[in-house]
Amino acid sequence: MSSGIIFASLALCGFGCSTFLVRIGLIGVIPRMAATISVASSCLLLLALVTIFYPKELVSIEPVGFLWALAYGIVTFSLARVILYTAFGLAGATRVAPILSVMPIFAAIFAMIILGEKPNFLIIMGIILSVLGMILILGDRNIDVE
Amino acid sequence: MWNNLDRDGKFLLGTVLAFLSAILYGISQVIAKKGVTEYGVPPVVFLFVALFFATVLMFISGWPGIKSIRYFPRKQVLLLAGAGLTSGLSVTLLVSALDRAPVVVVTPIVALNPIVSLTLIYFFLRRLERVTKRVVLGTGIALSGAIFVIIGSTDL
C-alpha cells in the first residue's frame, strides 16, 4: 500500500510539471497537434523502458490484457488528452487543471460498479473536500487567460 | 474552430471539456486497474501498448495536418515533447501505483497535481494567468481532502 502511495505522489508531481509545460507549449499550436506530439514522445519513453526491462513480457502479453491496454490507450490518450489540451487552450490551466480534481469521484464510481471496491467514510470525506475546493476555484471570475 | 466564441463562451466550453476529460480519466483508472491486476500485464508494457496504438491512431486521424508539425516553432515542439515525456513517466508511476493500492486511494492523490502546476504558473507564468487567493484556498481545501483519503486508506 505505502509504495502505491509513494508512486502516486511522484506521479502527482510529474503531472503537475507536465501541465505547466503544456500551457506554455500550447501557445500558437493546435491542441490536437500538441496532444499528438505529447503522446508520441510519451510512447518513445515507454518504448525505451519496455525494450530495456520487459522485452519478453511484451511478446507474451495475453490477448485479453492486450485489449484492455488498447481500450486504455483510446480513452486516455486519443480522447482524454486531446480534450484536455483543447480545454487548456480555451479556459487556461489555472481553471482547467483543478477541475481534474473531480476525477476521483468518477474513478470511485466506476471502481465501485466494475471492480466492487468500497470506499470508507474518510475517503468519501476526502473526495467531498476535493470537490469543495474545486467549486471555489470554478467560482473565481478573476482568472485572466491570454 | 472556437475563435467565434467570446471570453465567457471559451471559459464555459473549456470548463465542460475539462469535466469530460476528468470523466474519461476516471474511467481509464478502472481500465488500467483491470488490465494490470486481473490479467497480469506489467504496467510499463500495458502503457506502451496503449501509447503505441494511441499514437498510431492519432497520426492516422490527424493526417495530413500532422505534416505541418515541421513548421511549428521548435521551442513549442520541445516543450510539448517534454510534457509528453513527463506525462509518460507520470502515467507509468500511476499505473504502478494502481497495481499496489486501491483506485479510491491512488486517484485522489494524483488528482492533486494542480497544486504543483499552479505553483509553477504562479512563479513563472504570471503574464499568462493569474493565481488568485480563491484558487489557492480552493487548492488548499482539495489538499486537505487528499490527506483524509491517505488516512482513510490505512483502514482498507
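Residue numbering restarts at 1 for every chain, and letters A, B, ... go by the order of the sequence lines. Values below: all heavy atoms of this structure, side chains included; hydrogens, waters and symmetry mates excluded.
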Inset, instruction - Kindly indicate, with the supporting measurements, whether the criterion side-chain contact (heavy atoms from CB on, under 4.5 Å) is fulfilled by A:Phe20 and B:Phe123. - result: CA-CA 11 Å; A:Phe20 174 72; B:Phe123 284 109; over 6 Å; no

Using a cut-off of under 4.5 Å on heavy-atom pairs, state which of [options] scores highest against chain B.
options: A:Ala87, A:Ala69, A:Cys13; answer: A:Ala69
options: A:Ser60, A:Ser38, A:Cys17; answer: A:Ser38
options: A:Leu132, A:Val64, A:Val82, A:Leu26; answer: A:Val64
options: A:Ile74, A:Leu70, A:Leu44, A:Leu67; answer: A:Leu70
options: A:Ile128, A:Leu79, A:Leu10; answer: A:Leu10
options: A:Ser41, A:Ala71, A:Gly73; answer: A:Ser41

Pick whichever of [options] has the most heavy-atom pairs under 4.5 Å with chain A.
options: B:Ile115, B:Asn113, B:Val116, B:Leu24; result: B:Asn113
options: B:Gly40, B:Ala83, B:Gly35; result: B:Ala83
options: B:Val36, B:Val136, B:Ile31; result: B:Ile31
options: B:Leu85, B:Val77, B:Leu12; result: B:Leu85
options: B:Ser87, B:Ser90, B:Ala97; result: B:Ser90
options: B:Leu78, B:Leu20, B:Leu125; result: B:Leu125

Inset, instruction - Take B:Tyr25 and A:Thr76 through the test side-chain contact (heavy atoms from CB on, under 4.5 Å) and record every step on the way to the result. - result: CA-CA 6 Å; B:Tyr25 276 121; A:Thr76 311; 3.6 Å; yes

In Å, rounded to the nearest 0.5 Å, how long is the span from [atom1] of [X] to [atom2] of [Y]?
X: A:Ile37; Y: B:Gln76; atom1: CD1; atom2: CD; result: 9.5 Å
X: B:Ser21; Y: A:Leu84; atom1: OG; atom2: CG; result: 4.0 Å
X: B:Leu51; Y: A:Ser78; atom1: CG; atom2: OG; result: 9.5 Å
X: B:Phe52; Y: A:Leu47; atom1: CZ; atom2: CG; result: 9.0 Å
X: A:Leu12; Y: B:Leu93; atom1: CG; atom2: CG; result: 10.5 Å

Inset, instruction - Check whether any side-chain N or O of A:Glu62 sits under 3.5 Å from a backbone N or O of B:Val41 as a donor-acceptor pair, and report yes or no. - result: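 No, the answer is negative, given that no donor and acceptor are paired below the 3.5 Å cut-off.
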
Inset, instruction - Walk me through it: do B:Leu47 and A:Tyr72 pass the test side-chain contact (heavy atoms from CB on, under 4.5 Å)? - result: CA-CA 8 Å; B:Leu47 273 172; A:Tyr72 183 81; 3.5 Å; yes

Inset, instruction - Please lay out, stage by stage, how B:Ile109 and A:Phe7 fare under the test side-chain contact (heavy atoms from CB on, under 4.5 Å). - result: CA-CA 10 Å; B:Ile109 297 171; A:Phe7 282 154; over 6 Å; no

What pair of heavy atoms forms the shortest contact from [X] to [Y], and how long is it?
X: B:Leu120; Y: A:Gly16; value: CD1-O, 4.3 Å
X: B:Ile121; Y: A:Thr94; value: CG2-OG1, 4.1 Å
X: A:Glu57; Y: B:Val45; value: CB-CG2, 3.9 Å
X: A:Val39; Y: B:Met58; value: CG2-SD, 3.8 Å
X: A:Met33; Y: B:Phe72; value: CB-CE1, 3.6 Å

Inset, instruction - Against chain A, label B:Val91 side chain, backbone, both or neither, depending on which of its atoms sit under 4.5 Å from a heavy atom there. - result: both

Legend entry - Aromatic ring proximity A:Tyr54/B:Phe46, centre distance under 6.0 Å: no

Legend entry - Any donor-acceptor N or O pair under 3.5 Å, side chains B:Ser117, A:Arg23: no

